[in-house]
Undergrad: 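Quick one: the structure is below, and I'll ask about it shortly.
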There are 2 protein chains.
Amino acid sequence: MLEAKLREAALLKKLLDAIKELVTDANFECNEEGINLQAMDNSHVALVAVALEAAGFRSFRCDRPMPLGVNLTSLTKVLKCAKDDDIVTLKAADEADVLNLVYEAKNSDRIAEYDMKLMDIDADQLGIPDTEYEARVTMPAAEFTRIVRDLSLLGESVRIEVSKEGIRFTSEGEAANGNVLLKHTEGKIGKVQTKDEDEGEGSTQKTKVKEEKDDDVEMDEDQEQEFKPTSDDEGEDEQDKDEDEDEDSGKSKKRKKKANGAEKPSKKAKTKKGDDEDDQAVVIEMNQHVSLTFSLKYLVNFSKSASLSAKVQLMMSNDVPLLVSYDWDNGYIRYYLAPKIGDE
Amino acid sequence: MLEAKLREAALLKKLLDAIKELVTDANFECNEEGINLQAMDNSHVALVAVALEAAGFRSFRCDRPMPLGVNLTSLTKVLKCAKDDDIVTLKAADEADVLNLVYEAKNSDRIAEYDMKLMDIDADQLGIPDTEYEARVTMPAAEFTRIVRDLSLLGESVRIEVSKEGIRFTSEGEAANGNVLLKHTEGKIGKVQTKDEDEGEGSTQKTKVKEEKDDDVEMDEDQEQEFKPTSDDEGEDEQDKDEDEDEDSGKSKKRKKKANGAEKPSKKAKTKKGDDEDDQAVVIEMNQHVSLTFSLKYLVNFSKSASLSAKVQLMMSNDVPLLVSYDWDNGYIRYYLAPKIGDE
DNA sequence: CATGGGTACC
DNA sequence: GGTACCCATG
C-alpha cells in the first residue's frame, strides 16, 4: 500500500495545472523511492516526466511498486478542493481501484477526504533518452515563459540557437519576425562549457553537458540521488540544480540553498540575496553551437511549470529532442520535445 | 530614415491599446517634428488623431517626411513583446517596407528585435475641424471612463449638457434612465469662460473656447500646425501641444510644463501638489449652454485612453463634433465624434 | 477593472 | 484555422 503525506497541497495543485492540458490520463508509478509519472502528451508529440522523491514527503511509505492509473482531469478537480497549505495524505491499498486523499488544514480541525476512482492505463513506459547534451541553458523560468508567450504571438515555431553569444529565440510570422537574445549573465559566464560542479543537489538531474569533469563534487550523497534516473540513467542530465559546487567544496551549503527550483549561484555569495540573484541569472554551458526549431504551442504549455521553480533549464543537441526541466527540492518536471525538421 | 528612441515602451503600448479597436490600419506620419497619426475609425464615424512630438523621445531623427503604413493589430502584437519599461527604438529606412523595433531591457542583457511589415495605406488626410468650441470641460480621465461605462449599461447613447451648473451626462434605456452631474470644482470655477492662461504648456491644445482667431490653420502644413489651431489661439486653451509658436515667444517655457495631460491649473499654484489636485478638478469653461447626444459605444472606446493621461478635456459646440482630448508631455490623442441628430 | 484562457461560431 | 464572445483569475 501507499501512504504518502505531503506538506503542502500547493505542490500537487501546481503540478496538475502544469500537465493537465498536455496529458489526460497517466499512471502515477509509486515505489519505495517516490512517485513518478511519465506520459506522452495527448498528441504523442511531447513527453512529460514528473518525479516526486520520497524524501520530499513529510512521510512516505510504499511497500511495493504500484501504478495508479489516474485521470488527470478528475485529480485536478479533487485537488481544487484542497487549500494550498493543506497537508495532503495520499493513500491507496494494494490493488485498489480508488485513491484516497485526505486534506488537513494546517492549524485546524478541518479534515476533508476524497476517494478518486482509478483506472487501468497501458503503461507505455517511454524510454527517456539519456542524451548528453551539447548545450545547457539555465534561465529564470519567468523569462522563458515570457519569451515563448511573446513569440507565439508572431508565429507557430521558434528557432532556438545557443552560441557563446548567448541564447537566441527567433520566430517568423506573417505580420512580423522577431528574436530575443539573452546573453549569459556576467559572472556566470565562466561556467560556459564548464559545468562541472553541477552535481550536487538532491533532485538534480544529471544532464551534463558533455562531459566535464566537473562533476566534481559529489554533494549528493545522501539525497542527491533522489530522482535520479534511477540508477541507470545516471550521468545523464541533471538539470537543474547544479548547484554550484564547483569550487565550493563546502557541500553542505549547497544543500540548503535551493529551495524551490533555485539553483545556487556559482561561486558567488550564497547569501539569500545571492540565491535570488542566481534565479535571475542566465547561464550558458555549451560544447558546440546548436540550432533547433520547435513548436511554440508546446513550449508555451511547458512554461506553465514556472510556478514550480524559479529557474528552468533547456538542454539541447542538434537533431535530438529538447529537454525542458524545472527542478525543485526532491522533485522535478521535465518535458521532451522533438525538433521540427526542415520547415514542417 | 527614421530612428526614434522612446524611453518607455509603455507609452506606445497604451497608445495602441487605446486605438487598436477603433482603427485597424493607419499611417504613422513621421517628419522632423515627430510622429503623427490621423485616421477615421473602421466605421468612419469617429476620427482619431495622435501626436508624438520629437521632444518626447529620448532621441529622434527623421530626415524626411515619411508615412509608415501600419496594421495596428500587428503592431499591437509586436508591442506586447515589449516590457513596459523597455527602451524602444523605432527604425525605418527611406522607402522601407518594414519597421524595425528594438527593445532593450533597462538593466540588462536582454535585447529583442522585431521587424514588422509595413503596408501602403491611402493617406486620407482628414481635415480636422478647427472649431472654436462653446464649451470646454476638463475632468479626471477616470471619472469620464466611469461615467460612460456606467451609462453604457443603460442605453446606447448619452446626452451631454454643459451649463453653468456643471456637466450632465444623461442616458435613457429600456430598463432605466440615469444621469450624472459633475459640478465644477470650487476654486476652479472662476475659469469658466475664462480660459486664458492655459496656453502654456507644451503640449497644449488650442482649442479655444470661443472665438479665437485661432483657427487657424490648416494643420497640415508641416507639422506644427498639426492640430492646433495654431498659433493663434493663444490665449485660449491649449491643450496639448501646441507648442506653441504662438505668441509665446517664450515657448520654451511652455514646453516643459505640462506633464502628462495635465493642463495647467489656472493661476493657481503649480506645485506638484497643486497639479495632483488639479487632476481631480472638474473645470467648466463655456460661452453658452450646449447639449449634444453621442453614441456611448464610441465614448467608452475613447475612454480607454485614460491610461495615458490623468485628465481629459471635452470640447463641444452645438451641432458640431465633440472633441475628446487626452494630453501628456509632448503628445496627445484626440478623438472627434459627430453628435447624433434627433433620435437616430 | 483588466488580462488571459477557453469555448463556440464563422 | 481564425476571430469573437464569455468566463475566470489576478
Side-chain angles (χ1 to χ4, degrees), chain A residues 9-10 13-24 41-43 45 72-74 76-77 79-85 141-157 171-176 295-308 340 343-344, chain B residues 9-25 41-43 71-86 117 140-154 156 180 296-297 299-310 312 326:
Chain A
K13 290 164 69 103
K14 292 176 185 171
L15 204 45
L16 268 291
D17 282 342
I19 64 175
K20 69 173 192 286
E21 291 188 26
L22 217 48
V23 182
T24 55
D41 82 290
N42 296 328
S43 28
V45 171
L72 300 190
T73 303
S74 299
T76 297
K77 286 180 182 174
L79 286 172
K80 283 196 175 172
C81 300
K83 292 185 176 176
D84 279 358
D85 61 349
E143 185 74 75
F144 180 65
T145 300
R146 177 66 196 245
I147 291 170
V148 298
R149 258 180 75 247
D150 283 353
L151 296 182
S152 69
L153 294 175
L154 305 183
E156 303 199 334
S157 54
S171 184
E172 299 181 354
E174 301 198 346
S295 159
L296 277 164
K297 171 185 165 192
Y298 285 95
L299 298 186
V300 168
N301 226 313
F302 299 168
S303 73
K304 291 182 179 170
S305 292
S307 59
L308 288 158
K340 287 186 172 189
D343 55 348
E344 61 179 321
Chain B
L11 174 63
L12 274 183
K13 291 164 67 101
K14 291 175 185 171
L15 204 46
L16 268 291
D17 281 344
I19 64 175
K20 68 171 193 286
E21 290 188 27
L22 217 46
V23 182
T24 56
D25 301 303
D41 82 291
N42 295 329
S43 26
N71 172 282
L72 301 189
T73 302
S74 296
L75 180 54
T76 298
K77 285 181 181 176
V78 172
L79 286 173
K80 282 193 177 176
C81 300
K83 291 184 178 174
D84 280 357
D85 62 349
D86 278 349
K117 291 181 182 57
E143 185 74 73
F144 180 64
T145 300
R146 178 63 196 246
I147 291 169
V148 297
R149 253 184 73 253
D150 284 353
L151 296 183
S152 70
L153 295 176
L154 305 184
E156 303 200 334
V180 178
L296 276 164
K297 170 187 166 190
L299 299 185
V300 168
N301 227 314
F302 299 167
S303 73
K304 291 180 179 172
S305 291
S307 59
L308 289 159
S309 173
V312 61
Y326 291 87

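Just so we're on the same page: letters track the sequence lines, and every chain starts at 1.
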Undergrad: Extract from the structure each pairing of a protein N or O with an N or O of nucleotides 3-10 of chain C at less than 3.5 Å, listing the distance.
TA:
from	atom 1	to	atom 2	distance (Å)
dG4(C)	OP1	Arg149(A)	NH2	3.3
dG6(C)	OP1	Glu21(A)	OE1	3.4
dG6(C)	OP1	Glu21(A)	OE2	2.7

Undergrad: For Asp150(A), what residues pass the side-chain hydrogen bond (donor to acceptor under 3.5 Å, both in side chains) criterion, not counting sequence neighbours?
TA: Arg146(A)
Undergrad: Would you please name every residue forming a side-chain hydrogen bond (donor to acceptor under 3.5 Å, both in side chains) with Ser305(A), sequence neighbours left out?
TA: Tyr335(A)
Undergrad: Apply side-chain contact (heavy atoms from CB on, under 4.5 Å) to Asn301(A) and list each qualifying residue two or more places apart in sequence or on a separate chain.
TA: Glu21(A), Leu22(A), Lys304(A)
Undergrad: For Lys297(A), which residues count as a side-chain contact (heavy atoms from CB on, under 4.5 Å) partner, sequence neighbours excluded?
TA: Ser295(A)
Undergrad: Report the residues that fulfil side-chain hydrogen bond (donor to acceptor under 3.5 Å, both in side chains) with Lys20(A), sequence neighbours left out, ordered by chain and then residue number.
TA: Asp17(A)
Undergrad: Figure out the NZ/P separation between Lys20(B) and dA2(C), and round it to whole Å.
TA: 12 Å
